[in-house]
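First the proteins, then the strands, lettered A, B, ... as listed; each starts at 1.
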Amino acid sequence: SSDLEQICSYINEKISNIKTCLSLRNCGQEPTLKTVLNKIGDEIMVVNELLNKLELEVQYQEQTTNTLKELSASLEEDYKDVEHLK
Amino acid sequence: TLKDNVNILLDKASLESQESIGFIKATKVLMK
Amino acid sequence: MEEEVDKLELMFQKADSDLDYIQFRLEYEIKTNHPDSAGEKNPVTLLQELSAIKSRYQTLHARFKPIADEQKETKSRICATFNKTMATLQELQKLTALELSPLTEEENTAVQQLK
């Protein structure tokens with residue numbers, strides 16, 4: 001039954017995509033919907049720029065994590081030295 | 001919305017960054 | 001029974017390919033009726049871009065979470081190592097009766113930061 005459920009959700013997803021396309025089919029003709037489309041386009045650009053920033057931030061976080069790991073290893077060495085000294 | 005979620009995650013990430021920078025500086029001071 | 005199952009499978013495959021064809025025809029019609037122009041994108045392109053940014057956000061979110069956890073873990077490990085190092089130093093101080101110079105203001109601030 002799980003296979004059947006998977007097939008159903010797969011087919012249902014395709015049907016909902018087609019319904020979405022059908023609802024967008026005539027929006028190009030109506031000026032008001034055209035402005036809505038343009039607004040959506042602008043919003044997508046804004047979100048893309050935010051995602052670019054987020055990507056840089058995540059990369060920076062990865063570098064910071066490496067720095068922290070190096071510091072941790074170095075501190076462990078210091079601790080061993082002090083223990084040895086003791 | 002997706003835009004709000006991206007902004008929330010972006011704020012969180014930059015906050016974590018600042019905190020980590022402070023932490024790293026403090027650790028380096030104490031390691032001297 | 002097997003024959004019934006095969007028939008059912010064929011019906012699903014036919015439905016699947018019909019749906020794909022309908023989707024293709026609709027997208028083709030929308031693209032031809034509303035060609036992308038400078039500043040104006042057609043609805044199909046916008047739909048595709050929308051799903052692209054959603055999956056991009058999901059990917060970045062999935063990348064961010066483990067990094068933040070790992071940082072937290074490493075920071076606590078650093079604090080733990082620092083504390084045991086200081087404890088050992090204090091033991092050494094007692095053993096050798098040597099006076100450790102007091103922490104400078106900068107170092108005190110750093111200790112607070114670590115805490």
For the [atom1] atom of [X] and the [atom2] atom of [Y], what is their distance to the nearest 0.5 Å?
X	Y	atom1	atom2	answer
A/Ser72	C/Phe82	OG	CZ	13.5 Å
A/Gln63	C/Ile67	CD	CD1	10.5 Å
C/Glu29	A/Leu22	CD	CG	9.0 Å
A/Asp81	C/Thr88	CG	OG1	11.5 Å
A/Tyr79	C/Leu89	OH	CG	10.5 Å

Self-check item: Salt bridge present between C/Arg63 and A/Glu62 (N-O < 4.0 angstrom)
Solution: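 Yes, charged N to carboxylate O under 4.0 Å.
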
Quiz item: Taking NZ, NE, NH1 and NH2 as the nitrogens, is one of them in C/Lys84 or A/Glu83 under 4.0 Å from a carboxylate oxygen of the other?
Solution: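 The answer is no: the pair does not qualify as a salt bridge.
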
For [X], which atoms come within 4.5 Å of any heavy atom of chain C: side chain, backbone, both, or neither?
X	result
A/Leu85	both
A/Asn52	both
A/Val82	both
A/Thr64	both
A/Leu68	both

Tell me, for [X] versus chain A, whether the close heavy atoms (under 4.5 Å) come from the side chain, the backbone, both or neither.
X	answer
C/Glu91	side chain
C/Leu50	both
C/Leu46	both
C/Leu26	side chain
C/Ile53	both

Exercise. Name the option with the most non-hydrogen atom pairs under 4.5 Å to chain C; the candidates are A/Ile40, A/Leu75, A/Leu51, A/Thr20.
Key: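 Ranked by contacts with chain C, first place is A/Leu51.
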
Quiz item: Between C/Asn33 and A/Arg25, do the side chains contain an N or O donor and an N or O acceptor separated by less than 3.5 Å?
Solution: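 No - no donor-acceptor pair under 3.5 Å links their side chains.
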
Quiz item: Picking from C/Gln71, C/Glu73, C/Lys75, C/Glu70, what satisfies side-chain hydrogen bond (donor to acceptor under 3.5 Å, both in side chains) with A/Thr65?
Solution: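 In the set C/Gln71, C/Glu73, C/Lys75, C/Glu70, the residue that makes a side-chain hydrogen bond (donor to acceptor under 3.5 Å, both in side chains) with A/Thr65 is C/Gln71.
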
[X] versus [Y]: any side-chain heavy-atom pair under 4.5 Å?
X	Y	answer
C/Arg56	A/Asn48	yes
C/Val44	A/Leu24	no
A/Tyr10	C/Leu19	no

